[in-house]
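Read the structure below first, then the notes.
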Amino acid sequence: MKNDEVMNIAKKRGFLWSSFEIYSGVAGFFDYGPLGATLKNNIMNKWRKYYVVSEGFYEIESPTIMPEEALKASGHVDHFTDPMTECKDCLEVFRADHVINDATGKDVEGLENEELSRILSEEKLSCPRCGGHLTHVWSYNLMFQTVIGSKGKKTGYMRPETAQGIFIPFKRLLRFNRGKLPFGVVQMGKAYRNEISPRQGVIRLREFTQAEVEIFVDPRNKNHPNFREVSDDILNLYSSESQIKETDPSKLTAQQAVKEKIISSEILTYQLCLAQRFLRDLGIPDKVIRFRQHLSSEMAHYAIDCWDVEIKTDSFGWIEIIGIADRTDFDLKSHSKHSKEDLRVFIEYSEPKKVTKMVAKPQMKKFGPLFKADAPKIMEALKNLDASDIKESLEKKGNYPIEIDGTIHNLTPDLIEFQEVEETLRGEKIYPHVIEPSYGIDRIIYSVLLHCFGKEEDRTILKLPADIAPVEVNVFPLVNKEELTHIAQEIKKQLRKQGFIAEYDASGTIGRRYARSDEIGVPYAVTIDHNSLEDNTVTIRNRDDSKQVRIPIKEVYNILGDLIDLKIKFQDL
RNA sequence: GCGGCUGUAGUCUAGUCUGGUUAGGACUUGGGCCUUCCAAGCCUACGACCCGGGUUCAAAUCCCGGCAGCCGCACCA
């Protein structure tokens, strides 16, 4: 269905509406209504079944407010910005780097604002629109800033992604996973970006929900042990090559994609397949799904391969709803550097390696009295120096100068004895690489609504898969007569007792109630009619084709349970 | 952030130009009647001038500002 129709029904039926409506609303913020919030929970729980249950990745939850240092390390404070310049005459705002690039062809990405300002004036660049004067360049940071603590000494930001909350406690997570790669950690939660002018409804929110997975792997092994399970999945791949050559996306099996090196690794391909399976399970048809590879020019500098899962929409074109990237070791390295914590993983060799190396052993009898307090420091320094260099210098020049706290000490051959030692290396420390599937939950919900809504004649049916439908079953007396309503009420009560989300409705005609029920995607309706009085049976109506089957009341609960858990199909009843 | 257009019940809309009675209708929704299977009918009720300021005896109507939506530009690590 079309965007407008879907959003109208979503608003009317309590899925989604813009926030703060009675105060005119604020762009970029949406409420989930009663059905929307339930649908969102169902989808998020289904996501957990994929990643937490099946893949075995544990979920964590970290704060949405983060201190400046953490986001400085991640690069967001300095680089999650756009360099802007404004025309003094027509007040138009431009990306400064784009103005320079367009006018001169120079690639100025990543340059400082001062540098950009200098280039603007040196090149005598003026407003591309009216030719007016451009102001100095300023950074527009997309993060919401706040203050931590009452004295306001500490700057904080609302997190722009949930991923950082996984990288920062990496040491603890590694320990939880008993020090072994690979392992994955997930986080679902809100993230915030102060978009300049969000105008695509729920597609571009200033506060949105992400579901992110960070899979930490040994960079030398990006295969996946269960790849065979997905190797025949067919992926609609829009590679960077076909984008450049302007050819159509091609459908390949996962196996072909790896073999032909279209996707950089098995593990990344596996994640693409998983994403596709998840979307299928939400009722999104394959024909509106494609995987678009980032062009090397648009890829973040820390990624080596990145694929967006895109969904076709009528009013926004192909939109990104999931990004699956190989982020390499960028984040862990950067947090290591800024925090001075060693975020590497010790990888044990399958066979310990024996290496022989030269060691410089100080002769302590002479060494101690000669250097006194500096002796321990010199010994420490010796450990980090290449012993063969020292040996060479001693043999050739007769001495080896070493600087400790500004004082130069001369080592002479009589102070050092050299030994060849055999060392056993059991492994090495490395930064793991990170494979990151990052889901935009709000966009996924929009896609589900967009592609599950269908029109049949003059009625609208929301064909949600039964296991994510917010209301699972409706109970209707055929007509509003006491002998039927009391049975219906009783069945509803029993359904609720057994954990179903069930509603009862006796208003108006039965057709009207079915229509309302279809519009909010209730998969099944139990109808109590006059036969029910005689033989204790009711009908179960299937939303998608309005067909009904008659079954004994006492079997209703088990059958509905199996239907909703997708264990049986309605057609097989 | 810039320009254009727009803003009346949950929805669609009349009225706005040319200021003046109780802001009218349809659908939806609630209650009732009727009704033995897909938005039928009848009765009845609830429900609105985006917000703020100005002009005026009087503002849904005219003017200014804000907010939001749509379209175009720009932006979207």
Side-chain angles (χ1 to χ4, degrees), chain A residues 3-5 7-9 11-14 17-29 33 71 74-87 89-99 102 109-110 127-130 138-143 160-161 163 193-201 203-206 294 298-303 306 315-316 319-320 323 325 456-461 476-481 483-484 505-519 525 527-533 538-539 541-543 545-548 550:
Chain A
N3 174 65
D4 291 359
E5 296 172 287
M7 290 312 285
N8 277 337
I9 297 172
K11 199 196 280 180
K12 180 170 78 170
R13 293 300 186 198
W17 53 68
S18 47
S19 303
F20 320 117
E21 270 184 327
I22 64 167
Y23 299 108
S24 300
V26 181
F29 294 96
L71 291 162
S74 70
H76 287 90
V77 170
D78 297 322
H79 304 300
F80 195 53
T81 58
D82 295 327
M84 307 290 271
T85 181
E86 189 179 19
C87 171
D89 298 334
C90 71
L91 299 176
E92 187 66 80
V93 176
F94 302 95
R95 276 277 297 262
D97 51 344
H98 288 186
V99 171
D102 291 348
E109 211 184 307
C127 174
R129 170 175 264 192
C130 74
W138 42 277
S139 286
Y140 176 78
N141 192 295
L142 264 51
M143 290 194 292
E161 59 172 7
R193 296 178 188 187
N194 198 3
E195 302 285 354
I196 297 174
S197 178
R199 238 193 288 172
Q200 291 154 295
I203 298 303
R204 269 184 81 209
L205 294 173
R206 286 179 165 135
H294 279 204
E298 72 181 300
M299 195 139 50
H301 57 286
Y302 50 75
C306 183
S315 34
F316 311 118
I319 55 160
E320 176 201 348
E456 265 160 50
E457 284 155 30
D458 58 343
R459 53 208 291 172
T460 309
I461 304 181
F476 300 143
L478 185 60
V479 290
N480 196 5
K481 286 279 189 282
E483 63 268 30
L484 299 182
D505 189 359
S507 74
T509 62
I510 188 72
R512 196 177 199 80
R513 284 176 267 154
Y514 286 148
R516 257 203 300 258
S517 174
D518 290 342
E519 199 172 84
T527 309
I528 292 81
D529 58 15
H530 285 72
N531 288 347
S532 309
L533 296 173
V538 291
T539 61
R541 173 186 179 272
N542 187 34
R543 174 196 65 205
D545 57 12
S546 352
K547 293 212 170 103
Q548 289 172 293
R550 183 169 292 277

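For clarity, every value in this text was computed on a predicted model and none was experimentally measured.
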Residues L205(A), R193(A); criterion side chain to side chain contact (heavy atoms under 4.5 Å, CB included); working and verdict:
CA-CA 8 Å; L205(A) 294 173; R193(A) 296 178 188 187; over 6 Å; no

Distance check needed: U28(B) P versus N8(A) CG, whole Å only.
16 Å

Under 3.5 Å for both donor-acceptor distances, Watson-Crick or wobble: does G72(B) have a partner, and if so which one?
C2(B)

Heavy-atom nearest nucleotide on RNA chain B taken for E161(A) and for K481(A); more 5' hit belongs to K481(A)

In whole Å, I'd like the distance from the CD atom of E195(A) to the C1' atom of C75(B).
9 Å

If we call it a pair only when both distances are under 3.5 Å in a Watson-Crick or G-U wobble match, what pairs with C34(B)?
none

Without decimals, in angstroms, what is the distance between R199(A) CZ and C5(B) C1'?
12 Å

Residue closer to the 5' end of RNA chain B, H76(A) versus D518(A) (nearest nucleotide)
D518(A)

Among R543(A), R13(A), R459(A), whose salt bridge (charged side-chain N to carboxylate O under 4.0 Å, His left out) with D518(A) holds?
R459(A)

For a quick check of understanding: with a heavy-atom distance under 4.0 Å over all strands, which category does Q548(A) fall into, base, sugar-phosphate or nothing?
base

Please tell me if the side chains of R550(A) and D529(A) come closer than 4.5 Å, counting only heavy atoms from C-beta onward.
yes

Regarding N480(A), tell me which of base, sugar-phosphate or nothing describes its non-hydrogen contacts under 4.0 Å with the strands shown.
base

Categorize S18(A) for me: base, sugar-phosphate, or nothing, with a 4.0 angstrom heavy-atom threshold over every strand shown.
nothing

How far, in whole Å, is A23(B) from A59(B) if one measures between their P atoms?
14 Å

For G47(B), give the paired nucleotide (Watson-Crick: N1-N3 plus N6-O4 or O6-N4; G-U: N1-O2 and O6-N3; both under 3.5 Å), or none.
none

Atom pair CG/CG of L484(A) and L533(A) - distance to nearest 0.5 Å
5.5 Å

For the pair made of CZ in F476(A) and C1' in U36(B), what is the distance, rounded to whole Å?
16 Å

Run the side chain to side chain contact (heavy atoms under 4.5 Å, CB included) check on L142(A) and H76(A) step by step: do they pass?
CA-CA 9 Å; L142(A) 264 51; H76(A) 287 90; over 6 Å; no

Got a donor-acceptor pair under 3.5 Å from the side chain of R541(A) to the base of C37(B)?
no

For the P atoms, the ones on C64(B) and on A48(B), what distance do you get once it is rounded to whole angstrom?
29 Å

What is the distance, rounded to the nearest whole Å, between atom CG of D505(A) and atom P of G30(B)?
7 Å

May I have the distance from M7(A) (atom CE) to C70(B) (atom P), rounded to whole angstrom?
10 Å

With a 3.5 Å limit on both atom pairs, tell me what U18(B) is paired to, counting Watson-Crick and G-U wobble, or say none.
none

Spell out protein contact along nucleotides 39-51 of chain B as letters: B when the base is contacted, S when just the sugar-phosphate is, - when no protein heavy atom is under 4.0 Å; keep the 5' to 3' order.
BB---------B-

Taking it one step at a time, do R513(A) and T527(A) satisfy side chain to side chain contact (heavy atoms under 4.5 Å, CB included)?
CA-CA 11 Å; R513(A) 284 176 267 154; T527(A) 309; over 6 Å; no

Does one side chain, of S507(A) or R516(A), offer a donor that lies under 3.5 Å from an acceptor on the other?
yes

In this structure, how many angstroms lie between the C1' atom of G69(B) and the OH atom of Y23(A), rounded?
21 Å

Distance check needed: C75(B) C1' versus F316(A) CZ, whole Å only.
16 Å

Which one, C37(B), C38(B), G69(B), comes nearest to the side chain of S546(A)?
C38(B)

With rounding to the nearest 0.5 angstrom, report the CD1 to CG distance, I9(A) to D4(A).
11.0 Å

